[in-house]
Amino acid sequence: MKLKDLETMINEQEATVDSRYVGAALPALLRKTYLWMAFAMIITGIVAYGMATVTYTAADGSTLPIAFKIFQSRGTFWILFIAELGMVFTLSARIMRLSLPTATLLFIAYSAVNGVMLSAIFLVYTMQSIASAFFVTAATFGAMSLYGYFTKSSLDGLSKYLTMGLVGLIIAIVVNIFLHNGMLNLIISSVAVVLFTILTAYDTQKIKIMLALQPDAGEAAQRVALLGALSLYLDFINLFIYILQFFGGRNN
């Protein structure tokens, strides 16, 4: 949907619905969206850091992070990976059929499991690299989200190119799992940073349009806001991961 179509639909709604609902719902729902996203980011960060710093004693007497034990076990890793995919697909496809408390709990659970998976970055990269990548990601995400919200240009035409880019990125990642090619990995990271930077603006505009069409801030509208929070959360996390690869400060 283009911005011109959005304005037409809002004008039509204002002709038949009390204008207070159209005016009040959007800012309230947007606040919900970004609060949910921020809450999920906090959960992910706490879980990831905790898994990487809380230790256990191995059979040989050495002290290791819990995250190390998880990534040592292929079975545990794949269980978590499949659970993560299952939760995000369930939220994306069935959120309007779930109750708001159920959808919210599922989102919280997903952010926690994602934190477990992301704990690996604390084993691989230095804290300085992680902090630098986070601040660069936050600045990039903030700038592109603001652009997506305030731009008068419709970003709808980017949809098919972004979809093709995501499909191509996934294929390249799968291929490089077998090739272990450093140059290809650098190209993948570069493309991914550009892709998720643009996706941040695109998703922000799309979320704004979806929320602007909600007549109130009821449960159905809040489920839409929660879905928007999931989209922005995924954009931020993916952008952070690929930016982190450029900083490259690895632990010994």
Side-chain angles (χ1 to χ4, degrees), residues 1-6 9 29-30 33-34 36-37 40-41 44 81-98 103 106-107 110-111 113-114 117-118 137 140-179 181 184-214 223-246:
M1 180 180 294
K2 297 181 179 179
L3 290 181
K4 184 171 65 176
D5 300 328
L6 170 62
M9 292 185 73
L29 291 170
L30 275 174
T33 297
Y34 283 96
W36 268 322
M37 178 204 162
M41 292 292 304
T44 299
F81 181 72
I82 292 169
E84 193 176 34
L85 287 180
M87 284 187 282
V88 77
F89 283 131
T90 299
L91 273 172
S92 301
R94 298 179 57 84
I95 193 166
M96 299 311 292
R97 301 177 191 174
L98 300 172
L106 196 57
F107 185 36
Y110 171 71
S111 62
V113 173
N114 201 33
M117 299 294 281
L118 284 177
T137 303
T140 304
F141 179 90
M144 295 309 294
S145 193
L146 285 171
Y147 174 78
Y149 184 84
F150 288 108
T151 183
K152 298 299 182 182
S153 303
S154 173
L155 304 178
D156 189 59
L158 297 175
S159 177
K160 61 181 179 181
Y161 299 108
L162 291 171
T163 301
M164 288 188 294
L166 282 171
V167 172
L169 182 66
I170 292 169
I171 292 171
I173 290 171
V174 171
V175 168
N176 206 37
I177 288 174
F178 300 99
L179 296 180
N181 187 295
L184 179 56
N185 189 59
L186 182 62
I187 293 171
I188 288 171
S189 298
S190 302
V191 171
V193 167
V194 174
L195 185 62
F196 286 105
T197 298
I198 298 171
L199 263 172
T200 298
Y202 172 81
D203 284 338
T204 300
Q205 187 178 86
K206 184 176 69 174
I207 291 164
K208 175 186 175 183
I209 291 171
M210 289 192 301
L211 296 181
L213 296 175
Q214 304 303 314
R223 287 199 294 265
V224 175
L226 186 61
L227 183 61
L230 175 63
S231 296
L232 293 177
Y233 170 87
L234 290 171
D235 290 340
F236 189 102
I237 290 294
N238 281 287
L239 187 58
F240 168 70
I241 289 170
Y242 289 107
I243 285 177
L244 180 59
Q245 293 187 26
F246 283 104

Inset, instruction - Could you check whether the rings of Phe196 and Tyr242 sit parallel, tilted or perpendicular, using 30° and 60° as the cut-offs? - result: parallel

Are [X] and [Y] packed together at the side-chain level, in the sense that at least one heavy-atom pair is separated by less than 4.5 angstrom?
X	Y	answer
Leu155	Leu158	yes
Gln205	Tyr149	no
Met96	Val224	yes
Gln245	Ile188	no
Asn181	Asn185	no
Trp36	Leu230	no

Inset, instruction - Looking only at non-hydrogen atoms, find the nearest pair between Leu199 and Asp235 and report the distance. - result: O-OD2, 3.6 Å

Legend entry - Atom CZ of Phe246: over 12 foreign heavy atoms under 6.0 Å: yes

Legend entry - Pairwise distance CG(Leu166) to CG(Leu195) - rounded to 0.5 angstrom: 4.5 Å

Legend entry - Qualifying salt bridge (Lys or Arg N to Asp or Glu O under 4.0 Å) pairs, either residue in residues 190-204, two or more places apart: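 Listed once each, the pairs are Asp203-Lys206.
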
Legend entry - Residues Thr44 and Ser111: side-chain donor-acceptor under 3.5 angstrom: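 Thr44 vs Ser111: no donor-acceptor pair found between side chains.
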
Legend entry - Thr200 versus Tyr147, side-chain donor and acceptor atoms under 3.5 Å: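 Absent: no donor and acceptor within the cut-off.
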
